[in-house]
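Note that this is a predicted model, so its numbers are computed, not measured.
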Amino acid sequence: MERREFLKLSLTAAGGLSLGFYLPEPRAAAAPAFAPNAWLRIDPDNRITFICPQNEMGQDVHTSLATLVAEELEVPVSSLQVVQAPADPAYKNAMLGGQLTGGSTSVRHAWLPLRQAGAAARGLFVAAAAKTWTVDAATLGIDAGHVTGPGGKRLSYGALAAAAATLPAPALDKVRLKARASFTQIGKAGQRRLDTPAKLRGDRLFGIDAKQPGMVHAALAQCPVIGGTVVSFDDSKARAMPGVRAVINLVDGVAVVADHFWTAKKARDALDIKWLVGAAGSVSSESVARALELGTGKAAPIARENGDVAAGLKGASKTLEARYELPMLAHVALEPMNCLALVANGACDIWTSTQLPEGAEAAAAARSGVKPEAVRIHPQFIGGGFGRRLETDAIGQAAAIAKAMPGVPVKLIWTREDDTTHDYYRPASLHTLEGGLNKDGNLVALHHRMVSPSATARAFPAFVQDGLDPFMTEGAVNLTYAVPHFRT
């Protein structure tokens, strides 16, 4: 018995724990669902499904974004069933230019589109009821997912779904939104997370919990130097271990596939691999420090400036200088990198925790050999993202392993050691600061000089303009202290 199953049984036995929220799998409805837009589905049985465009990694977008829709639809947010959106341009994050979750943008970018989606559906239900009853739509009201009319008439959204589906959908930017003063859910106290019961029960929600019938497990040996490749390897000891299914050369590593993960890991550790370490073999903490030091002497763009720093420092009663060196740092998300992949019949299915479904789709297509349109991404809850799951390295590796084992679901899990030694690290940086205080000890001038590689240029070059990475300078640019003379 797995620990989670034991916990679930224990909780049920001890306290009769029964909590109703769940993430439903798509199911066939008795009649077609009404889909007024990309974010909403209303079944004739009054089941309302919200397709959440942002991925859940602890920040609770499943509740906050569902609340935006529920407010305008005028139903309790707890009545919505939430499913994660697949990879699709319809779910583009306009603030970041793609279907990705990050930068604390989820609510900001969804604030209008999701409210408009809910309002558009509400308007269609009212119009459908007005047509059904042959009355003026202005005489109708909304009450908890029902349209109400004269004489006590009342129809649920589900009952109106078929009629609403025959009406032309309005342009989202033309719908009438509720006034803030009439909000009953947005910004109100007492709201509860929708996913808490499922997490308390230990339901299989995260990427590392994904399962498929007939699944096997993979562990991957990667070069100790990032970017290194396989020259040759001896897998005789690994293949001799009971339960080992295959040993696969991925060029960027060697994967062992076995019936159980621990078997795969032990066999992986028994591999004897010769590596070509490549250019990164000469990189060290010392060489990184030297590169940052050299950067201090180069001309630099200004990220923010107000007042006259030179004059402010010259007129200060006292000046102070400080130097800060920050090392590379791993993300160390609670859930290490993992991916479950299945390549079969010209298609590739991916179950994974990702902040970038479109990127996951592209990586899986490239390494599985199937067309991008034949890749299906099944997003799972993310056990810690922080930008790490914008990367698709483990997804591509899982797809490549699954390609070598067609028809067999393969689950790749990185160990904690793998995750720490092969992360996409927060870059090292060097900061030199000079500050000026007035006679009262208040900061009146601050000159901050920062040297760092870009965290963004490799994957999202459009964000970097004139040598400035806005994600690297965000904290300095948005300085919350009132400094009359400031330059960074």
Side-chain angles (χ1 to χ4, degrees), residues 55 86-87 98-102 206-208 210 212 215-230 246-257 261 264 268 273 275-276 278 280 330-331 333 335-344 346-380 382-383 385 387-415 418-425 458-460:
N55 288 75
Q99 187 187 356
L100 60 93
T101 303
F206 297 88
I208 205 164
Q212 286 295 303
M215 183 179 76
V216 295
H217 297 262
L220 181 67
Q222 302 183 71
C223 182
V225 176
I226 291 177
T229 56
V230 178
V247 179
I248 303 166
N249 185 354
L250 301 183
V251 181
D252 57 341
V254 179
V256 176
V257 181
F261 174 74
R268 179 204 70 174
I273 307 174
W275 301 98
L276 177 64
H331 293 82
E335 177 190 17
M337 300 302 287
N338 64 85
C339 179
L340 170 58
L342 170 64
V343 176
C348 179
D349 284 272
I350 296 290
W351 293 263
T352 194
S353 304
T354 178
Q355 293 174 247
L356 186 63
E358 292 172 323
E361 183 180 76
R367 300 203 65 176
S368 68
V370 309
K371 296 178 180 179
E373 57 267 27
V375 176
R376 292 181 290 259
I377 303 298
H378 307 275
Q380 309 295 304
I382 301 172
R388 177 61 178 101
R389 283 179 164 83
L390 292 171
E391 304 295 347
T392 58
D393 41 356
I395 296 169
Q397 292 164 347
I401 299 168
K403 178 184 179 181
M405 303 191 69
V408 180
V410 181
K411 184 173 186 177
L412 171 66
I413 299 177
W414 286 20
T415 65
D418 297 335
D419 209 27
T420 305
T421 56
H422 290 79
D423 199 354
Y424 280 83
Y425 305 103
R458 176 183 52 82
F460 305 101

*Rounded to the nearest 0.5 Å, how far does CG of Leu390 lie from CZ of Phe460?*
5.0 Å
*Met215 vs Val410 side-chain heavy atoms within contact, under 4.5 Å*: no
*asked:* Under the side-chain hydrogen bond (donor to acceptor under 3.5 Å, both in side chains) definition, can you give me all pairs with a residue in residues 354-366, not counting sequence neighbours?
replied: none
*Decide yes or no for Phe206 and Asn338: does some side-chain heavy atom of the first lie under 4.5 Å from some side-chain heavy atom of the second?*
no
_Worked check of side-chain contact (heavy atoms from CB on, under 4.5 Å) between Leu220 and Gln397_ = CA-CA 9 Å; Leu220 181 67; Gln397 292 164 347; 3.2 Å; yes
_Side chains of Pro409 and Leu340 in contact at under 4.5 Å (non-hydrogen atoms)_ = yes
_I'd like to check the side chain to side chain contact (heavy atoms under 4.5 Å, CB included) partners of Asp423; sequence neighbours left out, ordered by chain and number._
Ala330, His331, Arg388, Tyr425
*Just how far is it from atom SG of Cys223 to atom NE2 of His422, taken to the nearest 0.5 Å?*
6.5 Å
*Heavy-atom pair with the smallest gap, counting every atom of Ile226 and Ala280*: O-CB, 3.5 Å
*asked:* I'd like to know if the side chain of Arg268 reaches the main chain of Ala219, judged simply by a donor and an acceptor atom lying under 3.5 Å from each other, with no hydrogens or angles considered.
replied: no
_Given 3.5 Å as the limit, does a donor-acceptor pair link the side chain of Ser353 with the main chain of Gly207, or not?_
yes
*Determine whether Ile350 and Cys339 make a side-chain contact, defined as any pair of heavy atoms from C-beta on separated by less than 4.5 Å.*
yes
*With sequence neighbours left out, what residues match His378 under ring-ring contact (aromatic ring centres under 6.0 Å, His included)?*
Trp351
_Test side-chain contact (heavy atoms from CB on, under 4.5 Å) on Glu391 and Leu356; report intermediate values, then the result._
CA-CA 8 Å; Glu391 304 295 347; Leu356 186 63; over 6 Å; no
*Drop me the distance from Trp275's CH2 to Asp252's CG, to the nearest 0.5 angstrom.*
8.0 Å
*Any idea which heavy atoms bring Ile377 and Pro357 closest together, and the distance?*
CG1-O, 3.9 Å
_Using modelled atom types and a 3.5 Å cut-off, is there a donor and acceptor pairing between side-chain atoms of Thr101 and backbone atoms of Asn55?_
yes
*Can you check side-chain contact (heavy atoms from CB on, under 4.5 Å) on Ile413 and Ile208, steps first, answer last?*
CA-CA 7 Å; Ile413 299 177; Ile208 205 164; 4.1 Å; yes
_Minimum-distance pair of heavy atoms, taken over all atoms of Ala399 and Val343_ = O-CG2, 4.1 Å
_For Val254, is there any backbone N or O sitting under 3.5 Å from a side-chain donor or acceptor partner on Gln222?_
no
*How far does OG1 of Thr229 sit from CG of Leu250, to the nearest 0.5 angstrom?*
12.5 Å
*Least distance between heavy atoms, Asp419 atom then Pro336 atom*: OD2-CA, 3.4 Å
*Would you call Ile401 and Ile248 a side-chain contact if the rule is heavy atoms closer than 4.5 Å?*
yes
*Quick one: pull up CZ in Arg389 and OH in Tyr424 and give me the separation to the nearest 0.5 Å.*
13.5 Å
*Over all atoms of both residues, closest heavy-atom pair of Ala333 and Gly383*: CB-O, 3.8 Å
*Hey, mind stepping through Leu412 and Phe261 against side-chain contact (heavy atoms from CB on, under 4.5 Å) and telling me if it holds?*
CA-CA 9 Å; Leu412 171 66; Phe261 174 74; over 6 Å; no
*Do you know the tightest heavy-atom contact between Gln99 and Ala87?*
OE1-CA, 3.4 Å
*If we only count heavy atoms from C-beta on, is the Thr420 to Asp418 side-chain gap below 4.5 Å?*
no
*Lys411 side chain to Ala210 backbone, donor-acceptor under 3.5 Å*: yes
